Amino acid sequence: QVQLVESGGGLVQAGGSLRLSCAASTRTFNTYAMGWFRQAPGKERAFVAAISWGGGSSYYADSVKGRFTISRDNAKNTVYLQMNSLKPEDTAIYYCAKSKQTVATSRLSTYDYWGQGIQVTVSS
């Protein structure tokens with residue numbers, strides 16, 4: 001069983017920044033890709049960003065490309081999402097997820113463990 005715990009969410013004004021963290025309780029953290037997804041009210045869960053097992057490659061949704069950066073520290077079993085130039089449309093619950101694969105993917109079905117989610121609210 002893998003536990004994922006997100007932190008770092010909150011309320012920020014448009015144009016501001018937040019950094020989300022996700023701590024994983026697994027000894028094999030460095031063997032799997034990790035991803036971030038988000039779900040806005042009334043919408044389906046959507047892909048945000050993913051990073052390969054070693055951090056050498058990453059993949060972003062078009063809506064966040066150039067503003068968000070995913071990274072990981074395998075020594076700390078933690079994955080991060082740095083969010084800059086935030087917009088009101090970024091408001092959502094953000095979820096960290098562990099992939100079943102080593103490569104970064106956007107497909108929700110390739111992720112097998114999820115965090116509880118953390119609220120990010122961007123005011124205009």
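Everything numeric in this text was worked out from a predicted model, so none of it was measured.
Side-chain atoms of S58 do not come within 3.5 Å of backbone N or O of I51 as any donor-acceptor pair. With hydrogens and angles disregarded, a donor-acceptor distance shorter than 3.5 Å links the side chain of N77 to the backbone of T26.
Here the closest non-hydrogen pair linking Y60 and I70 is OH-N, 2.9 Å. In this structure, R107 and Q101 approach most closely via the heavy-atom pair NH2-NE2, 3.9 Å. The two atoms that bring A50 and T105 nearest to each other are CB-O, 3.6 Å, heavy atoms only.
Annotation: side chain of V103 is not in contact with side chain of S52 (no heavy-atom distance under 4.5 Å). The closest side-chain heavy-atom distance from Y80 to R19 is below 4.5 Å. Side chains of L20 and V120 form a contact here, defined as non-hydrogen atoms less than 4.5 Å apart. With contacts defined as side-chain heavy-atom distances shorter than 4.5 Å, the pair Q82/S17 qualifies. In this structure the side chain of Q39 never reaches within 4.5 angstrom of the side chain of Y94, judged on heavy atoms.
More than 12 heavy atoms of other residues, nucleotides or ligands sit less than 6.0 Å from atom NZ of K100. Heavy atoms of other residues, nucleotides or ligands lying less than 6.0 angstrom from CD of Q3 number 12 at most.
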| field | Pair V12-T121, side chain to side chain contact (heavy atoms under 4.5 Å, CB included): steps then yes or no | value | CA-CA 6 Å; V12 64; T121 303; over 6 Å; no
| task | Go through T78 and S21 one step at a time and tell me if the side-chain hydrogen bond (donor to acceptor under 3.5 Å, both in side chains) criterion holds. | result | CA-CA 7 Å; T78 302; S21 300; over 6 Å; no
| task | Under the side chain to side chain contact (heavy atoms under 4.5 Å, CB included) rule, what do F68 and V48 come out as? Steps first, then yes or no, please. | result | CA-CA 9 Å; F68 290 11; V48 175; 3.8 Å; yes
| field | Pair D112-Y32, side chain to side chain contact (heavy atoms under 4.5 Å, CB included): steps then yes or no | value | CA-CA 11 Å; D112 55 359; Y32 297 103; 6.0 Å; no
| request: For V2 and F29, run side chain to side chain contact (heavy atoms under 4.5 Å, CB included): C-alpha distance rounded to whole Å, both residues' side-chain angles, the deciding distance at 0.1 Å, then the answer. | output: CA-CA 9 Å; V2 177; F29 178 78; over 6 Å; no
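Between T102 atom OG1 and N30 atom CG the span is 11.5 Å, to the nearest 0.5 Å. Distance check: Q13 CD to S123 OG gives 5.0 Å after rounding to the nearest 0.5 Å. To the nearest 0.5 Å, atoms OG (S99) and CE (M34) are separated by 9.0 Å. To the nearest 0.5 Å, atom CZ of residue R72 and atom CG of residue L81 are 13.5 Å apart. Expressed to the nearest 0.5 Å, how far CZ of R38 lies from CD of Q119 amounts to 12.0 Å. Within the model, atoms OG1 of T69 and CE of M83 stand 11.0 Å from one another, a figure rounded to the nearest 0.5 Å.
Here L108 is tied into one hydrophobic group with F37, F47, Y59, I93, Y95, Y111, W114, each link being a pair of ILVMFWY side chains closer than 4.5 Å.
Remark: K65 engages D62 in a salt bridge (Lys or Arg N to Asp or Glu O under 4.0 Å) (not counting sequence neighbours). Checked against salt bridge (Lys or Arg N to Asp or Glu O under 4.0 Å), D73 has no partners two or more places apart in sequence or in another chain.
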